[in-house]
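Please read the structure below before turning to the comments.
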Amino acid sequence: MDLKTLEDLIRIFEASGLGELEIEEDGRRMCLKKSGAGPAYQAAYAPMNPLPAPVAVPHIPEPEHVATIDSPMVGTFYLAAAPGEPAFAAPGDRIAESQTVCIVEAMKLMNEVGAKIACIIEKVLVENGQPVEFGQPLFAIRPL
Amino acid sequence: MDLKTLEDLIRIFEASGLGELEIEEDGRRMCLKKSGAGPAYQAAYAPMNPLPAPVAVPHIPEPEHVATIDSPMVGTFYLAAAPGEPAFAAPGDRIAESQTVCIVEAMKLMNEVGAKIACIIEKVLVENGQPVEFGQPLFAIRPL
Amino acid sequence: MFRRILIANRGEIALRVIRACRHMGITSIAVYSTADQNCLHASLADESICIGPPQANLSYLNIPSIIAAAEIADAQAIHPGYGFLSENPKFATICKDCHIGFIGPSPETIALSGDKSVCRARMKAAGVPTVPGSEGLIQDAETAVKLAKDIGFPVLVKATAGGGGKGMRIAHNDVALQHAVNMASTEAAAAFGDGGVYLEKYIENARHVEVQILGDHQGRIVTLGERECSIQRRHQKLIEETPSVALTPSLRAKMMKAAYRAAKAINYTNAGTVEFLLAPDNQFYFIEFNARIQVEHPVTEEVTRKDLVCEQIRISAGEPLGYSAVKTEGHAIEARVYAEDPMQNFAPSPGLIKNCHLPGGPGIRVDTHLFTGYEVPRYYDSLLAKVIAWGQDRNQAIERLAGALDEFRIDGVKTTAALCATILRSGRFRRGDISMNTIDHFLPKVG
Amino acid sequence: MFRRILIANRGEIALRVIRACRHMGITSIAVYSTADQNCLHASLADESICIGPPQANLSYLNIPSIIAAAEIADAQAIHPGYGFLSENPKFATICKDCHIGFIGPSPETIALSGDKSVCRARMKAAGVPTVPGSEGLIQDAETAVKLAKDIGFPVLVKATAGGGGKGMRIAHNDVALQHAVNMASTEAAAAFGDGGVYLEKYIENARHVEVQILGDHQGRIVTLGERECSIQRRHQKLIEETPSVALTPSLRAKMMKAAYRAAKAINYTNAGTVEFLLAPDNQFYFIEFNARIQVEHPVTEEVTRKDLVCEQIRISAGEPLGYSAVKTEGHAIEARVYAEDPMQNFAPSPGLIKNCHLPGGPGIRVDTHLFTGYEVPRYYDSLLAKVIAWGQDRNQAIERLAGALDEFRIDGVKTTAALCATILRSGRFRRGDISMNTIDHFLPKVG
C-alpha cells in the first residue's frame with residue numbers, strides 16, 4: 001500500500017464515526033484506532049427529533065449498492081443539459097472516468113458532475129429536477 | 001478493495017445499528033468497530049463538586065475494617081452516659097449482642113446504640129462529643 | 001440575617017433554596033437520605049448531612065433527625081420547602097422551642113390552614129366569600145342530605161384534614177351523598193388520622209385561581225397577583241400561568257382585596273397562597289390557604305422579578321417588606337414534568353435517567369434536580385422538573401414553553417412533557433377556554 | 001412576514017434564530033456541514049440541508065451552496081447569525097439580487113462598517129467623537145511616525161479591514177512604530193486581502209462600552225442601552241454586562257446620543273452595535289460598527305425584555321419599530337464559555353463532551369448547542385455556551401452567574417467557565433474596577 005492510499009484511508013477513517021478499523025489483505029494487516037475511543041462516554045446523541053427530512057429535499061434513500069456517485073454540492077439535479085436533450089447517463093450505460101453523468105445547478109451555474117471512476121450505471125437515485133444535498137447519492141454504480 | 005468501496009462500506013455500517021462488523025473474503029479480513037460502543041448511557045454522574053464534607057460533621061473515614069457499628073441516626077456521639085462516667089466500650093472490649101456501646105443524642109434524647117452481633121471492639125472511629133451522620137461508622141469491630 | 005440555613009427537603013425545591021442561599025451569601029446545609037446521596041441538592045449545598053434511610057418517614061419526615069442535623073450543623077433556620085414537614089404545625093413548634101428559625105408562617109397559622117372547616121368558618125366571618133356549604137363539620141349522613149337539598153346538588157364532601165385530592169368525593173343525589181360521607185370519612189381517618197368531613201356545593205367547570213401573598217412580621221401584607229392553575233391531573237396541578245385570562249381588571253382587584261382580607265384576618269406571615277374557585281358566572285370562593293412556598297411560585301417570580309424564596313428568608317429574619325405593591329410585566333407559564341405515564345392514568349415511572357438534556361434560550365427557566373445518570377427513586381414525589389417561560393404576551397409564553405418542552409430530552413422514564421406541550425398548543429388552551437376538567441380532553445378515554 | 005427562513009450559521013446562534021422562528025410561527029431551515037450532521041441546529045430546525053464538507057470555506061462560507069440551499073428550500077430570507085457571512089457585503093448583495101431577504105443591514109452599510117478608516121472619517125464628519133489618529137489610511141512608516149509625534153505615543157496601528165484583534169499592533173516609540181506598520185500591513189494583507197492600515201492614539205486602561213441599536217426601514221433608530229465588554233482575552237470578549245458601572249446617567253445620555261447620531265448618519269437598518277472606547281477621564285471615542293447581531297445581545301434582552309432576533313426579523317420584513325425608547329430593569333451579565341484552556345493562553349480545546357450538565361434556576365438563561373456526546377469540532381469558533389444572569393442589582397447578577405458557572409458541568413474539554421467565575425467573584429470586578437487589561441490579573445504570568 002502506498003503512502004497516498006494510506007493517507008486517504010486515514011482521512012476516510014477520521015471523517016467516519018468509527019472507533020476502530022482493521023484490514024487484513026495479502027498477508028498485510030492494518031489496524032486504525034481513534035484516540036480516546038472507549039466506553040467511558042456516550043458516543044452518539046440520537047437527537048430527540050431525529051434529523052428531520054427537509055420538505056424540499058427528499059430523504060436520502062438507503063443505498064442498496066455499495067458504490068455511488070454523490071452530489072458534490074447542494075442544488076438542483078438535472079439528468080440532461082436542457083429539456084428535450086438526451087440524458088447524460090442511464091441505467092446500463094458504461095461510463096468512463098471523468099465522464100459527465102449529470103448536472104447540479106446552484107445559483108444559475110450548471111455544475112457538471114463527472115464519474116470518479118469508470119463504471120456502469122445501475123440506477124438513477126434522484127428524479128430529474130429534484131433538489132439534492134451535499135453528499136447525497138445520485139447514481140448507484142458498479143465499478144469496472 | 002478500493003478506497004471508494006471502503007468509504008461506502010463505512011457509510012453503510014455507520015447507518016446500521018451494528019456495533020461491530022467483520023468480513024473475511026478471499027484471504028482478506030476487515031473489522032469495523034464503532035467508537036463508544038458499550039453501555040448505552042453513562043452510568044455514573046460524578047458531581048462537579050464532589051459531595052462536600054460538612055464542616056460540622058467530620059468526613060466519614062474510609063472503613064479499614066470490613067465490620068463496623070454504624071450510627072442509626074444523625075446526632076451527637078457520646079462514649080459514656082455522662083461526663084466522668086466510664087465509656088460503654090473501648091478497644092479490646094468483648095461486646096455481647098445488643099449490649100450498649102455508645103449514645104447518639106438527638107433532640108435532647110439519649111439514644112443508646114447497641115451492637116447487632118457479639119464482637120470485639122477494634123477501634124473507636126469517632127471522638128467523644130462529635131456530630132455523626134446517619135450510617136456513619138462509629139466502631140470498627142471483629143465479629144465473634 | 002441568618003448565616004446558616006438547613007434545607008429540610010430534596011429535589012428541585014431543595015436546589016431552589018440552595019441557590020437562594022448562595023445569592024444571599026448564606027451557607028446552605030442539605031440533608032439527604034441514603035437513597036439521595038448522589039443527588040444534586042447534596043452535592044451543590046455548601047454542606048450536607050445524611051439523615052436516614054430512603055423511606056421518607058425515617059428521613060425527610062423524621063423530626064428528631066432533622067432537628068439533630070440542624071443542631072450539629074449549627075443552622076440558625078430551617079427552610080422546609082413544600083411537602084414533607086412544610087405544613088406540619090408540630091414541626092414548626094419544635095423549631096421554635098429549639099430556637100431554630102422556621103422559614104414559613106407561625107405554627108398557629110399552619111394549624112389553622114390545615115383544619116379546613118375551621119379555616120372556612122374564619123374566612124366567612126372575615127367577609128371572604130366561601131363556597132356555600134356546612135357550618136363546620138357534619139355529624140352524620142342525614143344532616144348532610146338535608147343541607148345538600150338546601151344548597152342544591154351536586155355537592156362535594158371534603159376532609160377537614162385533607163389535601164392533594166385525598167378524602168374528597170362528589171355526590172349528585174341523596175343515596176350517593178350518604179355513601180360519600182361514609183367513604184370520605186373513612187378515607188380521611190386512614191390518611192390523615194382525622195375523619196372529620198364537611199360539605200361544599202360542587203361548582204361545575206370552575207377554574208382554580210390562587211393569589212400569592214407575602215406577610216412580614218411588621219404586619220404588612222402584600223398581594224403579588226394571581227396564578228391560574230386549572231390544568232390539573234388527579235387534583236394536582238400540571239400547568240400554571242399568570243395572569244389568568246379569566247380575570248378582568250375589576251375582578252382581579254376584587255380577588256386581590258379578598259385575598260388581602262383573608263391573610264389579614266389571620267395575621268399571615270411569610271409566603272403563602274390564598275386559593276379560590278372561580279365559577280363560570282365570575283363569582284369566586286375561598287377554598288384554602290397553602291401555608292408555604294408553592295411549586296408554581298416561579299411564574300409569579302418571572303412577571304414580578306421578585307425572588308420569593310429570598311423574600312421568605314428575609315421575612316423570617318425579621319426584615320420588613322420594603323413595598324406594598326408590585327408591578328408585573330408580561331405573561332409566564334409553568335409546565336410540570338413528572339415521571340409519570342399520562343397514557344396509564346399518570347402511573348409513576350421511576351427509573352434511571354439515561355440521558356437528560358435541558359432546554360434553554362430566551363425566556364426559558366428550568367428548575368430541576370435531574371442529571372444524566374440520576375435514578376428517579378420510588379420513595380418520593382414524581383416531580384422531575386419545572387419549565388417556565390416568560391413572554392411579552394401569553395402567546396409568546398405559550399410558543400416559548402411548548403418549544404422548550406420539545407427540546408427537553410429525558411430518556412429512561414415516561415414523563416408529562418409531551419402532554420404539556422400538546423395542551424399548550426391546543427386551540428382550547430390558546431383560547432383560555434379551560435377549567436379543572438380540561439385535562440380530560442387530552443387523555444385516552446376510559447372505556 | 002416571512003414564512004420560511006434559512007439560517008446560514010451553526011452553533012448557539014443558529015439555535016437562537018431557530019427558537020425565534022419557532023416563537024414567530026416561521027418555518028426554520030438549518031444548513032449544516034458533514035461535520036455537524038448530529039448538531040442540535042440540524043435536528044431542532046424544522047428542515048435541514050447538508051451544504052458541504054467540514055471546512056468552513058466549503059460549507060458555511062460557501063455562498064453558492066447557501067444560496068442554492070435557500071432556493072431549493074424556498075426560503076424567503078436568510079439569517080446570517082454572527083461571524084461567517086454575516087458581515088460580507090458581497091453575500092448581502094447576492095441575496096438581494098436573488099430576491100432573498102438578508103436579515104441584517106444593507107450591503108452598503110456592511111461595506112462601510114467593514115472599511116474602518118473610511119467609517120471613522122464618516123463618523124468624524126457626523127460629529128461623533130473618534131480617537132485622535134490618521135485621516136484615512138497611512139501611506140508609509142515615515143508619515144506614521146510624524147503623525148504619532150503629533151498625537152503622542154503610544155499609538156495603535158489598525159488594519160482597515162481588520163477585526164477580532166487581527167492586524168492590530170501597539171507601538172510605544174518610532175522604531176517600534178515603523179516595524180508595527182509593516183507587520184500589521186503584511187498581516188492584514190494575508191488575513192483580509194487588504195493591507196491598508198491606519199493610526200489611532202492608544203488609550204491606556206480604556207473600557208470597551210458599546211451601544212445596541214435597532215433601525216427600521218421607516219428611518220427610525222432606537223438605542224437600547226449600553227453593554228460593557230471590557231473583560232476580553234486576545235481582543236475577544238469574555239464577560240459582558242449592562243448597565244456599565246462606568247456610566248453616570250449624564251454620560252450615558254451623551255453616549256446614547258452619539259450612538260444615535262452615528263447610526264443616523266449612515267441610515268442604519270436592522271440590529272447593530274456602535275462600539276466606543278471609554279477613557280479613564282470619561283471621554284469616549286467611536287471605534288467601529290458591528291453590523292450584525294452580537295454574541296452578547298442576551299444581556300440587553302434580559303434588561304429590556306425585548307427579543308432582538310425577533311426584532312431583526314420583523315424589521316427585515318418591513319415592519320416598523322413600534323417604539324422610540326425602551327425601559328430597562330435590573331442588571332444582566334453574560335459569561336462566555338469557550339472550549340479553550342485559560343492556563344495555556346486560551347489554546348483551543350476541541351474534543352468529545354463526555355458529560356454536559358446545564359445550570360438553571362431563577363434569573364439564569366443558557367444559550368448553547370452543547371449536549372452530552374457532542375464532539376467540539378476543530379473547524380469552527382470555540383464558543384460552547386453563553387450563561388446569562390439577570391439580577392435586581394449588579395450584586396445579585398454576579399452571585400447568580402458565578403453560582404451557575406459553578407453548577408455548569410462540561411467534561412471532556414477545557415473551558416473558560418471557572419475563569420469567568422473567578423473574575424466575577426474578584427474584588428476588582430465587584431468594585432467595577434475593570435478595563436480591557438483586567439484579564440491579565442487572572443492569568444498565569446508569562447516568564
Side-chain angles (χ1 to χ4, degrees), chain A residues 8 11-19 34-60 70-78 103-113 126-138, chain D residues 4 6 27-54 58-59 62-75 94-95 97-98 100 350-356 369-375 377-378 411-413:
Chain A
D8 288 337
R11 192 166 26 80
I12 291 168
F13 174 67
E14 277 188 326
S16 79
L18 295 185
K34 276 186 192 158
S35 62
Y41 51 84
Q42 193 205 1
Y45 172 89
M48 191 159 198
N49 310 318
L51 199 61
V55 169
V57 180
H59 200 61
I60 302 172
D70 301 339
S71 178
M73 67 193 64
V74 58
T76 306
F77 172 83
Y78 292 110
I103 279 172
V104 175
E105 182 251 303
M107 272 185 75
K108 319 286 173 236
L109 278 174
M110 300 296 165
N111 301 283
E112 295 183 14
V113 179
V126 178
E127 272 185 63
N128 191 49
Q130 287 302 302
V132 292
E133 290 185 83
F134 171 81
Q136 181 172 346
L138 304 174
Chain D
R4 300 172 63 81
L6 181 134
T27 300
S28 58
I29 300 140
V31 296
Y32 62 95
S33 74
T34 51
D36 280 351
Q37 60 184 349
N38 294 320
C39 277
L40 284 186
H41 75 283
S43 54
L44 290 182
D46 295 315
E47 301 172 18
S48 60
I49 298 174
C50 183
I51 52 162
L58 299 177
S59 51
N62 183 340
I63 296 180
S65 287
I66 286 171
I67 297 289
E71 286 183 339
I72 67 173
D74 196 21
I94 290 172
C95 285
D97 293 346
C98 294
I100 297 171
L352 180 73
I353 305 296
K354 296 179 188 172
N355 195 359
C356 162
H369 56 294
L370 270 189
F371 58 86
T372 300
Y374 175 66
E375 176 95 35
R378 287 168 294 121
D411 292 355
V413 301

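Everything numeric here is computed off the predicted structure, so don't read it as measured data. The basis for the numbers below is simple: all heavy atoms, side chains too, and nothing from hydrogens, waters or symmetry mates. To find a chain, count down the sequence lines: A is the first, B the second, and so on, and within it residues start at 1.
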Query raised in the report: Under 4.5 Å between any side-chain heavy atoms of Pro53(D) and Phe134(A), yes or no?
Result: yes
Query raised in the report: Is there a side-chain contact between Ile63(D) and Met107(A) (heavy atoms, below 4.5 Å)?
Result: yes
Query raised in the report: Using non-hydrogen atoms only, which part of Thr34(D) is less than 4.5 Å away from chain A: side chain, backbone, both, or neither?
Result: side chain
Spacing of [X] atom [atom1] and [Y] atom [atom2] [to the nearest 0.5 Å]:
X	Y	atom1	atom2	result
Glu133(A)	Ser48(D)	CD	OG	6.5 Å
Cys98(D)	Lys108(A)	SG	NZ	6.5 Å
Glu105(A)	Ile72(D)	CD	CD1	10.0 Å

Query raised in the report: How far apart are the closest heavy atoms of Pro64(D) and Ala106(A), and which atoms are they?
Result: O-CB, 4.2 Å
